[in-house]
Amino acid sequence: MFSKKIPAALILCLVLLLATDAVVRRHIYGLMSISYGILHYKDNIVKTENLDRFNGIFMGDSRILGLHAKEISDIVFMETGKRYEFFNYSFPQSGVQSYYLLLKKYLKYQKAPEVIVFMSSPIALTGEWNFNKVEKPFSVAFYCFAFLYSLRDTLMSLPLETALAVAQLKLENAFALIAYRAEIKKFLQDPSTYEDRREWLKRSMAVSNWGALMTRNVPPTVSEIKGSTFFTTEFKINADSVSWYKKFFALALEHNIQVIIANAPLIDLVYAQREATGANVRYSREIMKFKTEFPHIHIIDPLVEPYGMEYFGDVHHLNREGFKKFTGSVGKRIAALIGTVSSL
């Protein structure tokens, strides 16, 4: 008798977990920080709004979150006469698996874009951002990852250990709902706070086609730079990371989407360290392998370039002036590529 009850109990737990996941997604938004609110809002836009006007999207991590996609659209039009309207579909770092899963989600709700400009940090190829083996305590990146995807997404695409860790975080969200039940009750009775935040996000992000500057304007110190994983991580290619990149590129090819690979600048001290260790060369060679295997991939040179410390708000995110400089620079290079490649 006891053994027969176990499957039923497991099924009940799964149903309750899925229901909790749905409730959390619906109501926790108003209690989030601004950065998590942006993550949720961009995800919600893709699932609920018609984005047919965008025939190009930017994909990458938080290093391009502040990229002004509207300005780049205008630069490409002025330089080439071709109308590419770009949508900034980048998210805070949430695992190398996210690129494939995010594109899969986009294609589920929206028509396929003609081109993806893909900018992922070189460190992603080292396995530093992989979630196949989830370590505890969970990182902020893994919280972002768990929030972005449903249990169904993760159970169907990821190893069991990762999917179970996602389930654990969703249970933690359920407990958070219980802990904040008084605040949630007030929020549900008067949703104006939620509406105000949503309208502010919509107005501010729509200006740049959903770019969002989320960094300070104070340059990092030398000790902060040298103590960061961007400076210290040895650049060794991780086979699992490569396989997820290939899944992403193959999915784009399946939908006839051209992929332009570019990269956000590195802070000059990090760039110099990687030059000295040969990491920049190894990264460029690995990207060239992708181009050889996938005919729809195009590369914007230089794949890695240094910017001075004054253009950064922390060890790897550009500040406002940095994004202003990079937007103009990469916009012109994208335009030059589009103007010379017949498939674009």
Output every pair passing salt bridge (Lys or Arg N to Asp or Glu O under 4.0 Å) with a member in residues 333-342, not counting sequence neighbours, ordered by first then second residue.
Glu305-Arg333
ILVMFWY cluster, Ile237 and Trp244 together (side-chain gap under 4.5 Å):
yes
From NZ (Lys47) to CD (Gln110), nearest 0.5 Å:
12.0 Å
Apply side-chain contact (heavy atoms from CB on, under 4.5 Å) to the pair Lys42 and Val46, showing each step before the final yes or no.
CA-CA 7 Å; Lys42 289 177 76 169; Val46 169; over 6 Å; no
Show the atom names and distances, to 0.1 Å, of all donor-acceptor pairs under 3.5 Å that link a side chain in residues 111-122 to residues at least two apart or in another chain.
residue, atom, partner, partner atom, Å
Ser120, OG, Tyr99, OH, 2.9
Ser120, OG, Tyr245, OH, 2.9
Ser121, OG, Ile123, N, 3.3

Does a side-chain heavy-atom distance below 4.5 Å link Leu125 with Glu286?
yes
Would you check, one step at a time, whether the test ring pair (Phe, Tyr, Trp, His ring centres under 6.0 Å) holds for Tyr89 with Tyr106?
CA-CA 9 Å; Tyr89 190 46; Tyr106 190 93; 5.1 Å; yes
Residues Lys104 and Leu251: closest non-hydrogen pair is N-CD2, 3.7 Å
Same apolar cluster: Ile260 and Phe77, side chain cutoff 4.5 Å
no
To the nearest 0.5 Å, tell me how far Glu71 CD sits from Asp74 CG.
7.5 Å
With sequence neighbours left out, what residues match Val281 under side chain to side chain contact (heavy atoms under 4.5 Å, CB included)?
Arg285
Check whether Asn88 reaches the backbone of Ile57 with its side chain - one donor and one acceptor, N or O, closer than 3.5 Å.
no
Can you tell me if Glu85 uses its side chain to pair, donor with acceptor, with the backbone of Arg53 under 3.5 Å?
no
Can the ring centroids of Phe290 and Phe249 be said to lie less than 6.0 angstrom from one another?
yes
Salt bridge (Lys or Arg N to Asp or Glu O under 4.0 Å): which pairs involve residues 248-264, sequence neighbours left out?
none
Close side-chain approach of Ile334 and Val76, heavy atoms under 4.5 Å
yes
Between Phe248 and Tyr100, does the ring centroid distance fall short of 6.0 Å?
no
Might you work through the side-chain contact (heavy atoms from CB on, under 4.5 Å) test for Met59 and Leu103, ending with a clear yes or no?
CA-CA 9 Å; Met59 293 189 68; Leu103 180 56; 4.2 Å; yes
Looking at side-chain heavy atoms only, is the closest gap between Leu102 and Phe91 below 4.5 Å?
yes
Closest contact, heavy atoms only, Ala335 versus Thr80
O-CG2, 3.2 Å
Do Arg63 and Asp314 meet the salt-bridge criterion of a basic N to acidic O distance under 4.0 Å?
no
Determine yes or no for a side-chain-to-main-chain donor-acceptor pair under 3.5 angstrom, with Thr327 supplying the side chain and Lys324 the backbone.
no
Quick one: list whatever passes ring pair (Phe, Tyr, Trp, His ring centres under 6.0 Å) with Phe326, sequence neighbours left out.
none
Would the number of heavy atoms belonging to other residues, nucleotides or ligands and lying under 6.0 Å from NZ of Lys247 be above 12?
yes
For the hydrophobic clusters of this structure (ILVMFWY residues joined by side-chain heavy atoms under 4.5 Å, transitively), does one cluster hold both Ile300 and Ile75?
no
Dump the intermediate steps for side-chain contact (heavy atoms from CB on, under 4.5 Å) on His296 and Ile257, then the final yes or no.
CA-CA 7 Å; His296 65 310; Ile257 304 170; 5.6 Å; no
For Ser223, the side chain to side chain donor-acceptor pair (under 3.5 Å) test, sequence neighbours excluded, returns Thr221
Applying side chain to side chain donor-acceptor pair (under 3.5 Å) to Gln258 and not counting sequence neighbours gives His298, Ser343
Which residues pass the ring pair (Phe, Tyr, Trp, His ring centres under 6.0 Å) test with Tyr271, sequence neighbours left out?
none
Treating Tyr283 as the side-chain partner and Phe235 as the backbone partner, does any N or O pair qualify as donor plus acceptor under 3.5 Å?
no
Does some side-chain heavy atom of Lys105 sit less than 4.5 Å from a side-chain heavy atom of Leu101?
no
Mind checking whether Ser62 and His317 have side chains closer than 4.5 Å, heavy atoms only?
yes
When rounded to the nearest 0.5 angstrom, what distance separates OH in Tyr311 from CZ in Arg320?
15.5 Å
Rounded to the nearest 0.5 Å, what separation is found between the CG atom of Leu269 and the CD1 atom of Ile225?
4.5 Å
Hey, what do you get for OH (Tyr307) to CD1 (Ile267), rounding to the nearest 0.5 Å?
13.0 Å
State, to 0.1 Å, how close Lys82 and Val341 come at their nearest heavy-atom pair, and which atoms those are.
NZ-O, 4.5 Å
Who are the side chain to side chain contact (heavy atoms under 4.5 Å, CB included) partners of Lys291, not counting sequence neighbours?
Met288, Ile297, Ile299
Quick one: list whatever passes side chain to side chain donor-acceptor pair (under 3.5 Å) with Ser241, sequence neighbours left out.
Asn130, Asn238
Nearest heavy atoms of Pro220 and Gly313, plus distance in Å
CD-C, 4.4 Å
Donor-acceptor check, side chain of Asn55 to backbone of Arg83, threshold 3.5 angstrom: yes or no?
yes
What pairs with Glu293 under salt bridge (Lys or Arg N to Asp or Glu O under 4.0 Å), at least two apart in sequence or on another chain?
Lys246
Leu344 CG to Ile338 CD1 distance, which is reported to the nearest 0.5 Å
6.0 Å
For the rings on Phe86 and Phe54, is their centre-to-centre separation under 6.0 Å?
no
Non-neighbouring partners of Asn280 that pass side chain to side chain donor-acceptor pair (under 3.5 Å), sequence neighbours left out:
Glu275
